[in-house]
J.: 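Here's a structure for you.
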Amino acid sequence: MTTVKLPDGSLKEFDSAVSVKDVAKSIGSRLAKDALWGEIDLQPVELDYEIPQGEPVNLKIITKKDPNALATMRHSCAHVMARAVMRIKPGVQLAFGPTIENGFYYDVECDEPLTEEDFPAIEKEMAKIIALDEPFERLDRPRADAIQVCKDLKQDFKVEHIETGLADDDSLSFYQQGEFLDLCRGPHIPSPRRIGAFKLLSIAGAYWKGDQSREQLQRLYATAFFTQAELDAHLELLEEAKKRDHRVLGKRLGLFHIDEMVGQGLVLWTPKGSFVRQKLQDFISEHLQRQGYDQVFTPHIGKLDLYKTSGHFPYYQDSQYTPLVDREYLSQLAEEGCTCGELSNLMNEGEIEGYLLKPMNCPHHIRLFASEQRSYRDLPIRLSEFGTVYRWEQSGEIGGLTRVRGFTQDDAHLFVTQEQLGQELIGCIELVKIIFDAMGMEDYSVRVGLRDPDSSKYVGDPQNWDLAEQACREAAQTLGKDFSEDPGEAAFYGPKIDFVVKDCIGRKWQLGTVQVDYNLPERFGLEYIGSDNKPHRPIMIHRAPFGSMERFIGVLIEHFAGSFPLWLAPEQARILTVSDKSEEYGKRVESQMRDAGIRVKGDYRSEKLGAKIRDGQLEMIPYMMIVGPRDAENGTVSIRDRIDGDLGAIPVEEAIAKFQSEVAEKTVRRTSS
RNA sequence: GCUGCUGUAGCUCAGUGGUAGAGCGCGUCCUUGGUAAGGACGAGGUCAUGGGUUCAAAUCCCAUCAGCAGCUCCA
């Protein structure tokens with residue numbers, strides 16, 4: 001008699017010995033077909049495993065749909081990969097080898113570094129190991145034994161990990177497969193034959209335990225799927241994603257240029273890219289005006305005193321451009337025989353006179369606020385500026401438009417009373433929502449950064465913090481979207497709400513941000529006169545709904561895969577003549593459209609129509625208007641839509657009206673998600 | 001900043017020790033073609049920069065700069 005208890009609590013009884021597969025069959029033929037392996041009392045077993053008779057056993061049949069099935073298989077594949085590397089390279093030290101979103105990695109340290117040229121050999125060895133079909137066997141060892149096992153294996157990272165990271169565990173598990181033994185929590189698949197298809201993807205550096213001061217390891221990235229077809233589909237998806245990379249599209253569509261001679265991370269906007277940027281600025285400016293913001297302009301530099309007061313200099317010196325040392329101060333230092341080393345020390349200590357390229361706009365706005373006496377009747381004061389700031393980002397972090405050294409924030413600083421804080425935060429969130437909605441961006445996440453209760457780095461009154469954190473939560477709730485609350489993610493000066501999106505290869509970027517600040521009003525001694533005729537300290541809100549124009553446009557290019565909606569497209573429509581004979585008519589239509597405010601160009605080359613269409617498609621022109629003798633005769637254009645193709649001939653006026661309404665509606669029509 | 005890879009024509013790339021190639025683009029000419037590439041000819045490169053090895057370097061070595069991936073960082 002065999003009795004199994006299924007995850008739903010139901011019991012199934014069998015008169016004779018049965019395998020896992022038999023149980024699956026008894027439940028349904030579909031399940032039997034989809035079953036990958038079983039789990040008896042949480043231990044993975046093969047499908048042909050004969051279930052022990054007698055006492056009831058807990059059985060779970062694992063299928064592809066099981067959320068952990070793929071991850072479990074991939075983790076087992078990571079073991080196989082590590083084993084293969086150890087067979088090929090001597091003296092391999094193993095670190096961590098977890099599963100990640102679309103695959104897995106294993107951190108290793110080798111005497112001679114691995115390169116991508118080693119991949120074929122590793123993959124071949126992995127295939128051999130899988131063909132051996134040795135099971136993954138779990139071994140539990142008491143703490144002291146476990147340390148000894150790792151010492152015997154000469155796996156120093158594992159020893160350290162047990163001694164520090166797993167200091168509270170009395171018993172530790174290992175998994176053994178053939179000669180390969182590894183400290184591992186599990187679970188694993190019952191045998192490697194469940195690894196359908198795998199591929200090594202890349203190799204990169206990573207620090208042991210993520211600590212820059214520790215050993216640098218080599219991280220082998222790979223992925224695995226249950227079938228070759230799934231792996232192929234995944235790889236194709238990666239290729240497709242690369243095609244919408246904003247760096248590739250930015251070059252192909254001529255949106256921006258980053259020039260070696262100008263400097264790393266410094267963006268040159270081409271006319272087309274500048275157009276998109278300007279349109280976005282105009283768009284948000286209109287909403288700022290509606291919300292009662294005042295726009296201001298401030299310079300790109302400020303005296304060091306300003307940043308000493310704000311606290312930004314010298315504390316963030318590593319991420320700032322070197323100061324512009326005051327001319328007279330510099331000659332004075334020279335007269336005193338100051339050496340380079342001494343100058344450097346003076347900079348480190350912040351004891352230097354000169355100017356700084358502004359790393360943020362707040363100090364300038366603060367001085368504008370402080371330039372007049374303010375009454376509670378004036379508040380809230382909302383100063384906004386498309387302010388360009390410069391930060392010395394680490395060279396290895398810079399790339400494309402998403403991480404640059406000079407960027408323009410759609411910045412604003414709100415000076416508010418405690419009572420106004422909640423409502424103003426909601427207003428800020430509203431702006432972010434307006435932007436995401438207008439772009440049809442739904443795939444973003446919201447993070448409320450709260451203070452870490454165990455840390456003392458935060459400035460300001462804890463009661464105010466509580467109020468501000470609650471105000472942030474309430475503001476976030478107005479989005480009607482899930483948000484995460486992240487303790488420890490607040491800035492030292494106040495809580496914040498961040499908006500995060502992913503780029504084409506899955507990297508996360510913060511776009512919009514709304515931050516409460518109790519610190520700067522304090523440091524600058526800001527005041528307003530209250531209704532009680534006494535001075536009070538305002539609270540500041542920093543907010544940037546786009547984040548920065550650079551990063552936002554970078555993400556936006558990928559979001560639209562280069563196909564901007566009509567209202568944002570630098571070139572909205574293009575006239576394509578069928579032959580030279582229609583050039584005159586084409587030019588007439590062109591000027592008619594231009595007069596109607598359409599951004600139109602004409603392609604009058606003596607190319608065949610097919611070639612002109614192809615070029616227009618590749619340049620992602622929203623509408624192509626084909627004009628030939630037939631159109632000239634009827635006063636029409638034959639419209640071709642970037643997405644839907646040929647729409648047939650319509651009168652020129654009708655085409656103009658169509659475009660104008662699409663622009664007015666800010667319609668978003670995307671070719672793919 | 002760290003590790004690894006990469007840097008050849010405007011763009012994408014081939015070229016592994018014997019003084020440079022393709023496709024696209026660009027120019028000129030021919031072609032006058034109705035919904036994703038018509039044809040011919042031509043111009044265009046101190047092979048990222050600076051050193052070194054060698055009779056000889058795009059090719060091998062070192063440094064610098066830049067790009068890519070990851071790590072670390074991001075007021």
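What's counted below: heavy atoms across the whole structure, side chains too, no hydrogens, waters or symmetry copies. Reminder, nothing fancy here: chain letters follow the sequence lines and each chain counts from 1.
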J.: For the pair made of CD1 in A:Ile258 and C1' in B:C65, what is the distance, rounded to whole Å?
T.: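 Taking atom C1' of B:C65 as the reference, CD1 of A:Ile258 is at 16 Å.
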J.: Write down the partner of B:U19 under the Watson-Crick or G-U wobble criteria, each distance required to be under 3.5 Å.
T.: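 Base partner found: none.
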J.: What's the gap between B:G51 and B:A57 when it is taken at their C1' atoms, as a whole Å value?
T.: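 It works out to 13 Å between them.
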J.: For the residue pair A:Lys358 and A:Tyr390, would you count it as a cation-pi contact if the rule is NZ or CZ under 6.0 angstrom from the ring centre and within 45 degrees of the ring axis?
T.: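 Judged by the rule, A:Lys358 and A:Tyr390 form no cation-pi pair.
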J.: If we ignore hydrogens and angles and just use 3.5 Å, is the side chain of A:Arg214 paired with the main-chain N or O of A:Trp208 as donor and acceptor?
T.: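 The answer is no, because no donor-acceptor pair under 3.5 Å joins these two groups.
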J.: Please pick, from B:G70, B:U32, B:A75, the nucleotide with the shortest atom-to-atom distance to any side-chain atom of A:Lys581.
T.: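 From the listed options, B:U32 comes nearest.
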J.: When all nucleic acid strands are considered with a 4.0 Å heavy-atom cut-off, which category describes A:Ile505: base, sugar-phosphate, or nothing?
T.: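 Counting heavy atoms under 4.0 Å across all strands, the contact made by A:Ile505 is with sugar-phosphate only.
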J.: Give me the distance, rounded to whole Å, that separates B:U59 from B:G18 when you measure between the P atoms they each carry.
T.: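 Between the two P atoms, the distance is 11 Å.
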J.: What's the gap between B:U49 and B:U8 when it is taken at their P atoms, as a whole Å value?
T.: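 That atom pair is separated by 10 Å.
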J.: From C-beta outward on A:Val578, which listed nucleotide comes closest to its side chain: B:A75, B:G33, B:G1?
T.: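 Nearest nucleotide to the side chain: B:G33.
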J.: Examine distances only and state if a side-chain atom of A:Thr270 and a backbone atom of A:Leu255 form a donor-acceptor pair shorter than 3.5 Å.
T.: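 Side chain of A:Thr270 to backbone of A:Leu255, a donor-acceptor pair under 3.5 Å: yes, one is there.
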J.: Report the base-pairing partner of B:G25 (Watson-Crick or G-U wobble, both distances below 3.5 angstrom), or none.
T.: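 Because no pair has both required distances under 3.5 Å, B:G25 counts as unpaired.
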J.: To the nearest 0.5 angstrom, please state how far the CD1 atom of A:Ile575 sits from the NZ atom of A:Lys612.
T.: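 Separation between the atoms: 11.0 Å.
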J.: Between B:A36, B:A69, B:G70, which nucleotide has the shortest distance from any of its atoms to the side chain of A:Arg219?
T.: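 Selected nucleotide: B:G70.
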J.: Tell me which of A:Tyr493 and A:Pro113 sits closer to the 5' end of RNA chain B, going by the nucleotide each one is nearest to.
T.: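 The residue mapped nearer the 5' terminus is A:Pro113.
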J.: For B:G10 versus B:C73, give the span between their P atoms, rounded off to a whole number of Å.
T.: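 Pairwise P distance, B:G10 against B:C73, rounds to 40 Å.
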J.: Could you please name the option among B:C71, B:A37, B:C11 that lies closest to any side-chain atom of A:Lys251?
T.: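 Of B:C71, B:A37, B:C11, B:C11 is nearest to the side chain of A:Lys251.
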J.: Using a 4.5 Å cut-off on heavy atoms from C-beta on, say whether the side chain of A:Val578 contacts that of A:Ile626.
T.: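 In contact.
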J.: Would you please indicate yes or no on a ring centroid separation below 6.0 angstrom for A:His413 and A:Phe369?
T.: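 Here the rings of A:His413 and A:Phe369 have centres that are no less than 6.0 Å from each other.
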J.: Under a 3.5 Å cut-off for both distances, is B:A9 Watson-Crick or wobble paired, and to whom?
T.: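 Pairing partner: none.
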J.: Across all strands shown, which nucleotide pairs with B:U49 by Watson-Crick or G-U wobble geometry, both distances under 3.5 Å?
T.: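 In the structure as shown, B:U49 has B:A63 as its Watson-Crick or wobble partner.
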J.: From the list B:A37, B:G38, B:A69, which nucleotide is the closest neighbour of the side chain of A:Arg614?
T.: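 Nearest listed nucleotide: B:A37.
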J.: In whole Å, what separates the P atom of B:A9 from that of B:C13?
T.: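 The answer is 11 Å between these two P atoms.
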J.: Assess whether one donor atom and one acceptor atom, taken from the side chain of A:Ser202 and the base of B:A69, lie less than 3.5 Å apart.
T.: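 Flag unset: no donor-acceptor pair detected.
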J.: Looking at the base of B:G70, is there any donor atom on it, or on the side chain of A:Tyr207, that sits under 3.5 Å from an acceptor on the other one?
T.: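 Such a pair does not exist between side chain and base.
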J.: Distance between the C1' atoms of B:A37 and B:G23, in whole angstroms?
T.: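 Going atom to atom, C1' in each nucleotide, I get 12 Å.
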J.: Kindly say whether, by distance alone, the side chain of A:Asp318 makes a donor-acceptor pair under 3.5 Å with the base of B:G1?
T.: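 Not at all, since no donor on one side and acceptor on the other fall under 3.5 Å apart.
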J.: Taking atom NZ of A:Lys89 and atom CG of A:Asp118, what is their separation to the nearest 0.5 Å?
T.: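 Here the rounded value is 4.0 Å.
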J.: Can you find a donor-acceptor pair, distance only, under 3.5 Å between A:Arg403 side chain and B:C74 base?
T.: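 Side chain to base: pair found, below 3.5 Å.
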J.: Any N or O donor-acceptor pair linking the side chain of A:Thr115 to the base of B:G4 at under 3.5 Å?
T.: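 Answer no: no donor N or O sits under 3.5 Å from an acceptor.
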J.: Quick one: which of B:G33, B:G1, B:A36 gets closest to the side chain of A:Gln394?
T.: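 When the side chain of A:Gln394 is considered, B:G1 is the closest of B:G33, B:G1, B:A36.
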J.: Provide the distance between the two C1' atoms, one in B:U53 and one in B:G21, to the nearest whole Å.
T.: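 Per the computed distance, 27 Å lies between those C1' atoms.
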J.: On a whole-Å scale, what distance lies between the C1' atoms belonging to B:C47 and B:A58?
T.: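 Result for the C1' pair: 4 Å, nearest Å.
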J.: Which of these nucleotides, B:U32, B:A36, B:G38, is closest to any side-chain atom of A:Arg640?
T.: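 Taking heavy atoms from C-beta onward, the closest nucleotide is B:A36.
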J.: Quick one: does any side-chain atom of A:Gln510 pair with a main-chain N or O of A:Gly547 as donor and acceptor, under 3.5 Å?
T.: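 Pair absent, no side-chain N/O of A:Gln510 close to backbone of A:Gly547.
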J.: Between P on B:G34 and CG on A:Leu609, what's the gap in Å once rounded to a whole number?
T.: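 Roughly 8 Å, once rounded to whole Å.
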J.: Hey, is the side chain of A:Arg605 poking within less than 4.0 Å of OP1 or OP2 on B:U32, counting only N and O atoms?
T.: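 Answer no for this pair, as no side-chain N or O of A:Arg605 is under 4.0 Å from OP1 or OP2.
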J.: Kindly say if A:Arg630 contacts the phosphate of B:G34, meaning a side-chain N or O under 4.0 Å from OP1 or OP2.
T.: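 False: A:Arg630 side-chain N/O out of range (4.0 Å or more) of B:G34 OP1/OP2.
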J.: With both distances under 3.5 angstrom, what nucleotide forms a Watson-Crick or G-U wobble pair with B:A36?
T.: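 Check on B:A36: unpaired, no WC or wobble geometry under 3.5 Å.
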J.: Taking a pair as Watson-Crick or G-U wobble with both distances under 3.5 Å, which nucleotide is matched to B:G70?
T.: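 Result: B:C2.
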J.: Ignoring hydrogens and angles, are the base of B:U31 and the side chain of A:Ser606 linked by a donor-acceptor pair under 3.5 Å?
T.: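 Yes, the side chain and the base share a sub-3.5 Å donor-acceptor pair.
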J.: Between A:Ser638 and A:Glu116, which residue's closest nucleotide on RNA chain B lies nearer the 5′ terminus?
T.: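 In this pair, the answer is A:Glu116.
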J.: Out of B:U35, B:A75, B:A36, which has the shortest distance to the side chain of A:Gln515?
T.: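 So the side chain of A:Gln515 is nearest to B:A75.
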